[in-house]
**Q** 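Could you have a look at this structure, given as structure tokens, before my questions?
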Amino acid sequence: MAEKTLNKKRKKGVEQLKSRYGRLFVLPWEIGLVLFFIVPIITSLIYSFSDVVLSSGGITNSWAGLKWYEYIINKDPNYMNALKSAISNFAVQLPIIVALSLILAIILNQKFAGRMMARAIFFLPVIIATGVILDLLTSEYINVSLVTSSAESSGAGNYGSSMIDFDAILGNLGLPEDITKIIGDYIGSIFNLLWSCGIQIVLFIAGLQTIPDQLYEVSRVEGASKWEEFWYITIPMLGNTILLVMVYTMIDIFTKKTGVMENAFALMEKDLVYDKSSAMLWFYFLIVAAIMAVVLAIYNKLCLKKWN
């Protein structure tokens, strides 16, 4: 009995020590979360309801209520146009990116020579579109323009079409200018969508590899076609993965620094207007949160509950 009590105390002591080490390990992250995320978020919320004045003595703000929210909704046509454009782009891009990612993931999950290289190629945009590499791509030294008319309408930088001048290539074919522009915009959109599929493809491949092979073996014995396997096995088994991909894609689409985000950050960084820009961002994120909640609720009701 005494030995059991001693073992329990020893085990409890080890668990407490591990717990203490764990708390110490995440402490820097918790401090950073509070100082560099929670505090700025609360501050921006306060600024959105205030008149903020910058002076040599610092920043002073006085309560203004819903003044800036009323202004951006009723008096700022550029904001509402940018908001409508962001919502329409989201409605177009979300289903296309999810479907395209799923199709590419199914292809890349097959056994063929060079499979790992093909996966790496589709994941390259995720690496290229971050940090110093993106800065180099957007620098004037290689004469790349990531902001085009089609990119602004799609809500993201058109990386592929900016690196290859499709307008010049199509122009050499002798096509009319209007047709050349339409075809160029479609090609640019394809590159842009492929550029946005890297993480989603990885998530779908991970989900596909969790589906038991026995389910497909049974379906083949029963005489099911590949199309029936896809709709009655693959899609239902990927229900939670699709949910994860949808959440990631929605956040990725809405947080691109274009449209509403670009205008708000321009006011904040260049013009040092913190009150109006904060209101623009907070109203935008409220709309985004409402749209995401509706989309996920519909998906849960129509798909997840049915598949589970």
Side-chain angles (χ1 to χ4, degrees), residues 29 33 37 41 83 85-110 115 118-120 122-127 129-130 154-156 189-190 192-216 218-219 224-261 281-282 284-308:
W29 179 85
L33 177 68
F37 185 79
I41 286 289
L83 182 61
S85 177
I87 295 173
S88 62
N89 290 331
F90 161 78
V92 172
Q93 291 182 30
L94 177 64
I96 295 176
I97 291 177
V98 173
L100 186 60
S101 302
L102 178 57
I103 293 170
L104 291 173
I106 292 174
I107 295 172
L108 295 174
N109 195 49
Q110 305 298 316
R115 178 176 61 172
R119 292 178 180 178
F122 279 99
F123 192 73
L124 274 178
V126 178
I127 303 173
T130 56
S154 64
S189 298
I190 292 172
N192 183 51
L193 291 174
L194 285 173
W195 195 276
S196 305
C197 291
I199 297 293
Q200 291 89 330
I201 291 173
V202 173
L203 294 174
F204 273 129
I205 290 176
L208 288 168
Q209 293 177 351
T210 63
I211 302 176
D213 293 334
Q214 293 84 345
L215 295 177
Y216 294 105
V218 171
S219 68
S225 63
K226 290 293 183 181
W227 187 249
E228 290 172 332
E229 287 182 355
F230 176 77
W231 283 110
Y232 295 107
I233 297 178
T234 304
I235 292 296
M237 294 297 292
L238 287 177
N240 293 326
T241 304
I242 294 174
L243 176 64
L244 177 62
V245 169
M246 288 176 61
V247 171
Y248 175 84
T249 304
M250 286 189 287
I251 294 174
D252 185 54
I253 292 172
F254 279 126
T255 55
K256 289 185 184 297
K257 200 173 178 180
T258 55
V260 176
M261 298 278 288
L281 290 173
W282 273 102
Y284 176 67
F285 286 126
L286 286 174
I287 297 298
V288 168
I291 292 173
M292 290 180 62
V294 170
V295 171
L296 295 179
I298 293 173
Y299 175 75
N300 181 62
K301 184 176 181 180
L302 298 181
C303 300
L304 276 184
K305 288 186 177 180
K306 179 180 178 181
W307 293 335
N308 293 333

**Q** Looking at Trp231, I'd like to know if its CH2 atom is crowded, meaning that more than 12 non-hydrogen atoms belonging to other residues, nucleotides or ligands lie closer than 6.0 Å.
**A**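 Open.
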**Q** Please name the residue in the list Ile97, Val98, Leu104 that meets the side chain to side chain contact (heavy atoms under 4.5 Å, CB included) test with Ser101.
**A**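 The single option meeting the side chain to side chain contact (heavy atoms under 4.5 Å, CB included) with Ser101 is Ile97.
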**Q** Could I get the full list of side-chain contact (heavy atoms from CB on, under 4.5 Å) partners for Leu302, not counting sequence neighbours?
**A**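 Only Ile298 meet the side-chain contact (heavy atoms from CB on, under 4.5 Å) criterion with Leu302.
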**Q** How far apart are the closest heavy atoms of Phe230 and Leu102, and which atoms are they?
**A**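 Phe230 and Leu102 have their closest heavy atoms at CZ-CD2, 4.0 Å.
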**Q** For the atom pair CZ (Phe90) and CE (Met292), what is the distance rounded to the nearest 0.5 Å?
**A**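 Between atom CZ of Phe90 and atom CE of Met292 there are 7.5 Å.
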**Q** Using the salt bridge (charged side-chain N to carboxylate O under 4.0 Å, His left out) rule, collect all pairs that involve residues 295-308, keeping only residues at least two apart or in two chains.
**A**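 Pairs touching residues 295-308 that pass the test: none.
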**Q** Name every donor-acceptor pair, under 3.5 Å, that has one atom in a side chain of residues 200-215 and the other anywhere in the protein, sequence neighbours excluded.
**A**
residue	atom	partner	partner atom	Å
Gln200	NE2	Ser196	O	3.2
Gln200	NE2	Thr249	OG1	3.0
Thr210	OG1	Gly207	O	2.6

**Q** OH/Tyr248 to CD1/Ile253 distance, rounded to the nearest 0.5 angstrom?
**A**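 Between Tyr248 OH and Ile253 CD1, I get 10.5 Å after rounding to 0.5 Å.
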**Q** Answer whether the closest heavy-atom distance between the side chains of Asn240 and Leu244 falls below 4.5 Å.
**A**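 Not in contact.
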**Q** So, the side chain of Asn89 versus the backbone of Ser85: is there a donor-acceptor pair under 3.5 Å, distance only?
**A**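 Confirmed, Asn89 side chain pairs with Ser85 backbone.
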**Q** Would you say Tyr232 has more than 12 foreign heavy atoms packed within less than 6.0 Å of its OH?
**A**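 No - once you tally the heavy atoms of other residues, nucleotides and ligands closer than 6.0 Å, there are 12 at most.
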**Q** Would you please test Trp307 and Ile235 for side-chain contact (heavy atoms from CB on, under 4.5 Å) and show each step?
**A** CA-CA 9 Å; Trp307 293 335; Ile235 292 296; 3.3 Å; yes
**Q** Could you check if a side-chain atom of Ile291 sits within less than 4.5 angstrom of a side-chain atom of Met250, using non-hydrogen atoms only?
**A**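 Result no, sub-4.5 Å side-chain heavy-atom pair not found.
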**Q** To the nearest 0.5 Å, tell me how far Asp252 CG sits from Leu94 CG.
**A**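 Between Asp252 CG and Leu94 CG, I get 11.0 Å after rounding to 0.5 Å.
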**Q** Quick check for you: to the nearest 0.5 Å, what is the distance between Cys303 atom SG and Leu238 atom CG?
**A**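 Reported value, rounded in 0.5 Å steps: 12.5 Å.
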**Q** For the atom pair CZ (Phe285) and CD1 (Ile41), what is the distance rounded to the nearest 0.5 Å?
**A**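 One finds 7.5 Å between CZ of Phe285 and CD1 of Ile41.
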**Q** Indicate the atoms forming the closest heavy-atom contact of Phe254 with Tyr284, along with that distance.
**A**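 It is O-OH, 2.6 Å.
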